[in-house]
Enquirer: 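Attaching a single structure in C-alpha cells format; questions to follow.
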Amino acid sequence: ASAATCTVNISAGGNLQTAIDNAKLGDTICLQAGATFTGTFILKKKTTGAGWITIRTSTPDAQFIQPGTRVSPSNASLMPKLKSIANMDGLPVFKTEFGAHHYRLIGLEIVPPTTVETVNLSPSYTYQSYGLIWFGTAYETAFSDLPNNLIIDRSYIHGWPDQEVRRGVNLNSASAAVIDSYISEIHQLYSDTQAIGGWSGSGPFKIYNNYLESSGENVLFGGGRPSIVGNVTSDVEFRKNHISKPLSWKSGGSSFGGNKWLVKTPFEMKSVKRLWVEGNVFDTHWEGVHSGHMISLWPTRPQSGEWAVVEDIIIENNIIKDTAAAISLAGTGLPAPDNGLNRVLIRNNLIYDMGGSWGGSGGAFRGYTATNDVRIEHNTLINEGANRFLDLECGKISTIPPFNTP
C-alpha cells in the first residue's frame with residue numbers, strides 16, 4: 001500500500017461505509033493500521049469500474065506478511081481493527097448486499113465488541129455475535145442474487161476468550177476464498193459454532209493455509225435449509241489448513257479455562273459435492289457431544305423431503321492426531337445409489353494418538369449406514385492400545401476394495 005496504490009486513505013475516525021458506498025470496481029481503500037473502526041459495513045453491489053474493490057491495511061506490502069504466509073495474532077499491530085457494534089443485534093463486521101461482487105479484504109483484524117463494552121446492554125441479556133463476516137445472508141432465493149468473487153486474505157478474525165461467537169465466516173455465497181488467515185476463539189455454551197460454515201452457498205470455495213479454531217464444528221457445510229431450492233455447495237478446495245481446539249476448552253483437563261463450550265466434530269460435511277481435503281493438520285479433539293471423530297461425512301436432510309448429498313470426496317495426505325477417533329461415514333439408510341454418501345476416496349493419511357485421554361472408541365474409520373463406493377487406501381495408523389483401524393457395523397459400507405495397513 002502506498003499513496004500511489006490507495007484510492008482512499010482512511011485514518012482513525014474516518015468513515016469506512018462512505019468510502020465503500022463511493023468506491024467503484026478497481027479502487028483500493030486503505031485503513032490506518034492500529035486504528036479501530038466500529039460498525040456493520042455493507043459491501044455494496046457495484047456496476048462501474050473494472051477489477052476488485054480492495055479493503056486493506058495501510059501497512060505497505062513490503063512490511064506486511066507476504067502472500068502464501070499465514071498470519072498470526074502476533075501480526076495484529078500491522079492491521080486496522082474492525083469491530084462490530086455493541087448492541088443486542090449481534091451483527092457482523094462485514095455483510096453483503098444481494099449480488100455484491102469482487103471484494104478483497106487484506107490484512108484486517110476483525111472482532112466483536114469486548115465483554116466490557118456489552119456488559120450493560122441489558123440486565124437479562126448476554127451478548128453474542130452471530131458471525132463476524134457474512135458472505136451471503138442465506139435469504140437469497142436465486143443464484144443471481146448470491147454475492148460472489150469474495151476473498152479474505154491474511155486476516156486475523158477472532159472472538160474473545162469469555163464471549164459467545166457463533167461463526168467467524170459465513171460462506172453462504174457463490175465463489176469465495178479464505179486464505180493465509182487465522183480464525184480463533186469461536187465458541188458458544190449451547191449452540192453449534194464454526195470458524196467457517198455455510199448451508200446456502202453454491203461455491204466454488206477455496207479455503208487454503210488457515211488456522212481454524214471453533215468449539216463446535218471448525219468447518220461445516222450443510223445442516224441448514226438452503227434458501228435456493230436444489231442448491232448444494234460444490235467444488236470446495238480445503239488444503240494446507242490447521243484445524244484445532246485449545247486444551248483450555250477441555251473440561252477436566254489441567255489447562256481447563258472454566259467455560260464448558262459445546263464441543264462437536266471439527267470437520268463435518270452434511271451437504272457438499274466435489275470436495276478436496278488435502279495436506280491439512282487436524283489435531284486436539286476429544287469426545288464431546290458426538291463420539292469424538294475428527295472428520296464426519298454425514299449427509300443430512302435439513303427438512304423433510306429436501307435432499308442433501310455428500311459425494312465425490314477426496315481426503316488425502318492429511319495428518320490426524322490427538323483425537324478420540326478419526327473419520328466417520330454414514331449414508332441416509334436408503335439403498336445405493338440414492339443414499340446420500342457417494343464416491344469417497346480416503347488415502348495416504350497419517351493417523352495417530354487416538355482414544356486414551358481423548359475419550360471415544362479410538363476407531364480410525366467407522367461406517368454407520370449404507371454408502372456407495374467408499375475406498376480406503378494406503379493410510380497409516382500408528383496403533384496404540386485397543387484402537388481399531390476399521391469398524392463397519394456388520395458390513396453396512398457397500399463398497400470398500402482391499403486396502404493396505406502398516
Side-chain angles (χ1 to χ4, degrees), residues 1-2 5-6 10 12 16 28-37 41 43 52-84 92-94 103-112 114 129 131-135 150-161 163 165 167-171 176-187 193-197 205-214 218-219 237-246 248 266-267 278-284:
S2 67
T5 61
C6 295
I10 304 181
L16 173 56
T28 297
I29 301 168
C30 292
L31 303 175
Q32 181 185 340
T36 298
F37 302 87
F41 303 105
L43 304 180
W52 295 75
I53 295 174
T54 301
I55 302 173
R56 59 159 296 157
T57 178
S58 65
T59 302
D61 286 336
Q63 300 172 22
F64 194 59
I65 308 305
Q66 295 304 296
T69 301
R70 184 188 302 160
V71 298
S72 74
S74 65
N75 305 127
S77 63
L78 301 174
M79 305 176 185
K81 181 176 291 183
L82 285 78
K83 183 185 296 186
S84 50
V93 172
F94 283 109
Y103 282 89
R104 184 167 189 151
L105 312 178
I106 301 177
L108 309 179
E109 182 182 8
I110 296 174
V111 300
T114 66
S129 167
L132 296 173
I133 296 178
W134 293 0
F135 282 172
L150 307 166
I151 299 175
I152 300 169
D153 181 2
R154 288 167 287 161
S155 291
Y156 175 32
I157 301 163
H158 65 95
W160 305 107
Q163 187 183 81
V165 178
R167 291 181 192 90
V169 179
N170 280 10
L171 277 185
V178 184
I179 57 177
D180 298 338
S181 293
Y182 194 104
I183 305 177
S184 62
E185 297 289 359
I186 308 299
H187 38 55
T193 63
Q194 297 90 40
I196 297 176
F205 296 138
K206 181 184 182 78
I207 304 171
Y208 185 89
N209 193 36
N210 306 285
Y211 175 78
L212 304 173
E213 175 185 289
S214 169
N218 299 42
V219 181
E237 175 187 350
F238 188 84
R239 300 179 59 229
K240 312 303 182 188
N241 302 286
H242 182 188
I243 298 88
S244 189
K245 302 180 193 292
S248 60
F267 190 84
E278 191 274 334
N280 305 282
V281 175
F282 298 86
D283 70 31
T284 318

Enquirer: Knowing that exactly one of Asp153, Ile29, Thr28 qualifies, which makes a side-chain contact (heavy atoms from CB on, under 4.5 Å) with Arg56?
Expert: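 Output: one option passes, namely Thr28.
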Enquirer: NE2 of His158 to CD1 of Ile110: how many Å apart, nearest 0.5 Å?
Expert: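 Between His158 NE2 and Ile110 CD1, I get 9.5 Å after rounding to 0.5 Å.
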Enquirer: Does the Asn210 side chain pair with the main chain of Val178, one donor and one acceptor, at a distance under 3.5 Å?
Expert: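 Checked: pair present.
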Enquirer: May I ask you to decide if Asn209's main-chain N or O and Asn241's side chain share a donor-acceptor pair within less than 3.5 Å?
Expert: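 Confirmed, Asn241 side chain pairs with Asn209 backbone.
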Enquirer: List the atom of Ser58, the atom of Cys30, and the distance in Å for their closest heavy-atom pair.
Expert: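 Smallest heavy-atom distance, with atoms named: CA-CB, 4.3 Å.
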Enquirer: Could you give all pairs that pass the salt bridge (charged side-chain N to carboxylate O under 4.0 Å, His left out) test and reach residues 73-84, with sequence neighbours left out?
Expert: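 Listed once each, the pairs are Lys83-Glu117.
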Enquirer: Determine whether a donor-acceptor pair (N or O, by modelled atom type, separation under 3.5 Å) exists between the side chain of Ser84 and the backbone of Val93.
Expert: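 Between the backbone of Val93 and the side chain of Ser84 there is no qualifying donor-acceptor contact (under 3.5 Å).
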Enquirer: Is there a side-chain contact between Leu171 and Ile196 in this structure, where contact means two heavy atoms from C-beta onward sitting under 4.5 Å apart?
Expert: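 Touching, per the 4.5 Å side-chain cut-off.
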Enquirer: With side chains defined as the heavy atoms from C-beta onward, is the minimum distance between Met79 and Leu108 less than 4.5 Å?
Expert: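 Side chain of Met79 against side chain of Leu108, heavy atoms only: no contact under 4.5 Å found.
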Enquirer: Is Asp180 close to Ile65 at the side-chain level, that is, under 4.5 Å between some pair of heavy atoms?
Expert: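 Not touching, per the 4.5 Å side-chain cut-off.
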Enquirer: Would you name the heavy atoms of Phe135 and Leu105 that are closest together and state the gap between them?
Expert: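 The answer is CZ-CD1, 4.3 Å.
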Enquirer: Output, in order, the C-alpha distance, side-chain angles, deciding distance and verdict of side-chain contact (heavy atoms from CB on, under 4.5 Å) for His242 and Asp283.
Expert: CA-CA 8 Å; His242 182 188; Asp283 70 31; 2.9 Å; yes
Enquirer: State the CD1-OG1 distance between Ile106 and Thr54, to the nearest 0.5 angstrom.
Expert: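 Going from CD1 on Ile106 over to OG1 on Thr54, the span is 5.0 Å.
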Enquirer: Please find the pair of heavy atoms, one from Ala33 and one from Thr57, that lie closest to each other, and give the distance.
Expert: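 Answer, listing the atom of Ala33 first, then Thr57: CB-OG1, 3.8 Å.
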Enquirer: Does any N or O in the side chain of Asn75 come within less than 3.5 Å of the main-chain N or O of Pro73, such that one atom is a donor and the other an acceptor?
Expert: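 A pair under 3.5 Å: no.
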Enquirer: Go through the structure and list residues passing ring-ring contact (aromatic ring centres under 6.0 Å, His included) with Phe238, not counting sequence neighbours.
Expert: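 Phe238 satisfies ring-ring contact (aromatic ring centres under 6.0 Å, His included) with Phe267 only.
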Enquirer: List the atom of Tyr211, the atom of Tyr182, and the distance in Å for their closest heavy-atom pair.
Expert: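 Answer, listing the atom of Tyr211 first, then Tyr182: CD2-CZ, 3.4 Å.
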Enquirer: How many angstroms lie between atom CG of Leu82 and atom CZ of Phe94, to the nearest 0.5 angstrom?
Expert: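 So the CG of Leu82 and the CZ of Phe94 are separated by 5.0 Å.
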Enquirer: Does Gln66 reach the main-chain N or O of Phe64 with its side chain, forming a donor-acceptor pair under 3.5 Å?
Expert: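 Yes, because the side chain of Gln66 sits within donor-acceptor range (under 3.5 Å) of the backbone of Phe64.
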Enquirer: Can you confirm whether Ile152 sits close enough to Ile157 that some side-chain heavy atom of one is under 4.5 Å from a side-chain heavy atom of the other?
Expert: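 Answer yes - side chains close enough.
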Enquirer: About how many Å separate CD1 of Ile55 and CG of Leu16, when rounded to the nearest 0.5 Å?
Expert: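 Between atom CG of Leu16 and atom CD1 of Ile55 there are 5.5 Å.
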Enquirer: Work out which heavy atom in Pro112 is nearest to a heavy atom in Ser129; give both atom names and the distance.
Expert: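 Closest approach of Pro112 to Ser129, heavy atoms only: CB-CB, 4.3 Å.
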Enquirer: Is there a donor-acceptor pair under 3.5 Å between the side chain of Thr59 and the backbone N or O of Leu78?
Expert: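 Present.
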Enquirer: So do Arg154 and Arg70 actually touch side chain to side chain, heavy atoms under 4.5 Å?
Expert: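 Arg70 does not reach Arg154 side chain to side chain.
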Enquirer: Would you compute the distance between atom CZ of Arg239 and atom CD1 of Ile179 and round it to the nearest 0.5 angstrom?
Expert: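 One gets 12.5 Å once the value is rounded to the nearest 0.5 Å.
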Enquirer: How long is the straight-line distance from NZ of Lys245 back to CD1 of Ile243, given to the nearest 0.5 Å?
Expert: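 The distance works out to 10.5 Å.
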Enquirer: Quick one about His187 and Glu213 (side-chain donor to acceptor, distance below 3.5 Å, no hydrogens or angles considered), yes or no?
Expert: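 Not at all, the side chains of Glu213 and His187 share no donor-acceptor pair under 3.5 Å.
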Enquirer: Closest heavy-atom contact between Thr193 and Ile186?
Expert: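 In terms of heavy atoms, the two residues are closest at OG1-O, 3.6 Å.
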